[in-house]
There are 2 protein chains.
Amino acid sequence: MMDSALNTLLEYGIHPSVQRIAIMDYLQKHHTHPTVDEVYVALHQEIPTLSKTTVYNTLKLFAEQGAAQMLTIDERKVCFDGVVTPHAHFLCKDCGKVFDFPLSEEQMYVGCPTKESGFEITEAHVYYKGYCSECKKKRS
Amino acid sequence: MMDSALNTLLEYGIHPSVQRIAIMDYLQKHHTHPTVDEVYVALHQEIPTLSKTTVYNTLKLFAEQGAAQMLTIDERKVCFDGVVTPHAHFLCKDCGKVFDFPLSEEQMYVGCPTKESGFEITEAHVYYKGYCSECKKKRS
DNA sequence: TATAAACATGTAATTATTACAAGTGCAAAT
DNA sequence: ATTTGCACTTGTAATAATTACATGTTTATA
């Protein structure tokens, strides 16, 4: 059931624990770009002893190890994405939903500082903002 | 002196006030990607009655009107950029500094959802993260 | 099973941000 | 010039997100 989550943790050199597996499993099954709070509220049901601090620590760890992405597209809240293959994100300024958009690795890193610049790049994010089709209708 | 700031406000349809002009002037003269607090602390000297709420309101207004950019590259703090022409941003994970990198409008919007998708795009941000040349040296 | 290291927990503190009500000052109209 | 209204600013208080830290628990290994 949670084998995929466990494997992902091992793959990224993260020591597995009940909580970490559950959180990774949640990320992999819910592509809703959840916040810390959303993950906490959802998992608190199954694991009543889970603390919010653990969710903070764990998601931060995942992001540091490259097992998940930390998204800062919405200034009001940080959210997370279990999909680490290259893609872009879109934030609707009306409903606040975050959408995925296809973008190749090549496109993500177009114009990115090269090694010669002396900068070492570890991640790239492409964020679009505007209005999703649903909200666009409502507004007109 | 602050004519450029005043003109920018008028250009973006923002009613000028002493505070708004001073804040825009600060943004235009300091390309340091300041936070609300940094702007507040700096200007509080010249304008002792300036309140932090006003800085919040004003920078938010600038961003909404397109007269400045709100950057969410650093999850720890929102910062602002008075340069609204297309370019990318780089955050050093060690020292926390934000650097500008050249990027054409075309490159910024590579792979961006088209009108046919039903999405309306109002802004795009390209963020890189890693280690700047200074910090890279220290780490090795 | 003893021990140490790694993890998780909960509370409290901190910080960033927003809400809101009251005050101020400019600008148009009389 | 004076009044009136509106936009803007202010300060305080509330809210929400995040972090620090000390304690407790689990896990792995000898």
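In what follows, chains are A, B, ... by sequence order, proteins preceding strands, each numbered from 1.
- Look at CG on Leu59(A): it is 15 Å from P on dC7(C), rounded to the nearest Å.
- In this pair, His89(B) and His87(B) present their aromatic rings perpendicular. The plane angle is above 60°, beyond the 30 to 60° band.
- Residue Val36(A) is classed as having no contact, given no heavy-atom separation below 4.0 Å to the nucleic acid.
- Among the nucleotides dA16(C), dT10(D), dC7(C), the one closest to any side-chain atom of Arg20(A) is dC7(C).
- Checking dA19(C), dT19(D), dT17(C) against every side-chain atom of Arg76(B), the shortest atom distance belongs to dT19(D).
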### Task
Let me see the working for Lys52(B) and Asp37(B) under salt bridge (charged side-chain N to carboxylate O under 4.0 Å, His left out), right down to the final yes or no.
CA-CA 7 Å; Lys52(B) 198 178 264 192; Asp37(B) 200 62; 2.5 Å; yes

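- Taking the charged nitrogens against the carboxylate oxygens, Glu64(B) and Lys93(A) have no contact shorter than 4.0 Å, which rules out a salt bridge.
- With DNA chain C read from its 5' end, the first of the two nearest nucleotides for Lys77(B) and Asn57(B) is the one closest to Lys77(B).
- Going from atom NZ of Lys52(A) over to atom P of dA12(C) covers 16 Å, rounded to whole Å.
- Between Tyr26(A) and Val55(A) the shortest side-chain heavy-atom distance does not fall below 4.5 Å.
- When each of Pro16(A) and Val55(B) is assigned the nucleotide of DNA chain D bearing its nearest heavy atom, the one mapping closer to the 5' terminus is Val55(B).
- If you check every strand for non-hydrogen atoms under 4.0 Å, Thr35(B) touches nothing.
- Phosphate proximity of dA8(C) to Thr49(A): absent, as no side-chain N or O sits under 4.0 Å from OP1 or OP2.
- Comparing atom distances between the Leu50(A) side chain and each of dT18(D), dT9(C), dT9(D) picks out dT9(C) as nearest.
- Between Phe119(A) and Phe101(B), the distance separating the two ring centers is shorter than 6.0 angstrom.
- Of the listed nucleotides (dA8(C), dT9(D), dA19(C)), dA8(C) has the atom at the smallest distance from the side chain of Gln19(A).
- In this structure, Asp74(A) atom CG and dT17(C) atom P are separated by 12 Å, rounded to whole Å.
- In this model, the phosphate group of dG11(D) is not approached by any side-chain N or O of Thr53(B) to a distance below 4.0 Å at OP1 or OP2.
- With rounding to whole Å, Gln65(B) atom CD is found 10 Å from dC8(D) atom P.
- If you measure from atom CD of Glu38(B) to atom P of dT15(C), you get 15 Å, rounded to the nearest angstrom.
- Rounded to whole Å, atom C1' of dT10(D) lies 10 Å from atom OH of Tyr40(B).
- For the pair Ile21(B) CD1 and dG25(C) P, the computed distance is 16 Å after rounding to whole Å.
- The nearest whole Å value for the distance from the CG atom in Leu43(B) to the P atom in dT9(D) is 13 Å.
- Listed candidates were dA28(D), dT10(D), dC21(D). Nearest to the side chain of His15(A) is dA28(D).
- The listed nucleotides are dT9(C), dT19(D), dT17(C); the one nearest the side chain of Thr54(A) is dT9(C).
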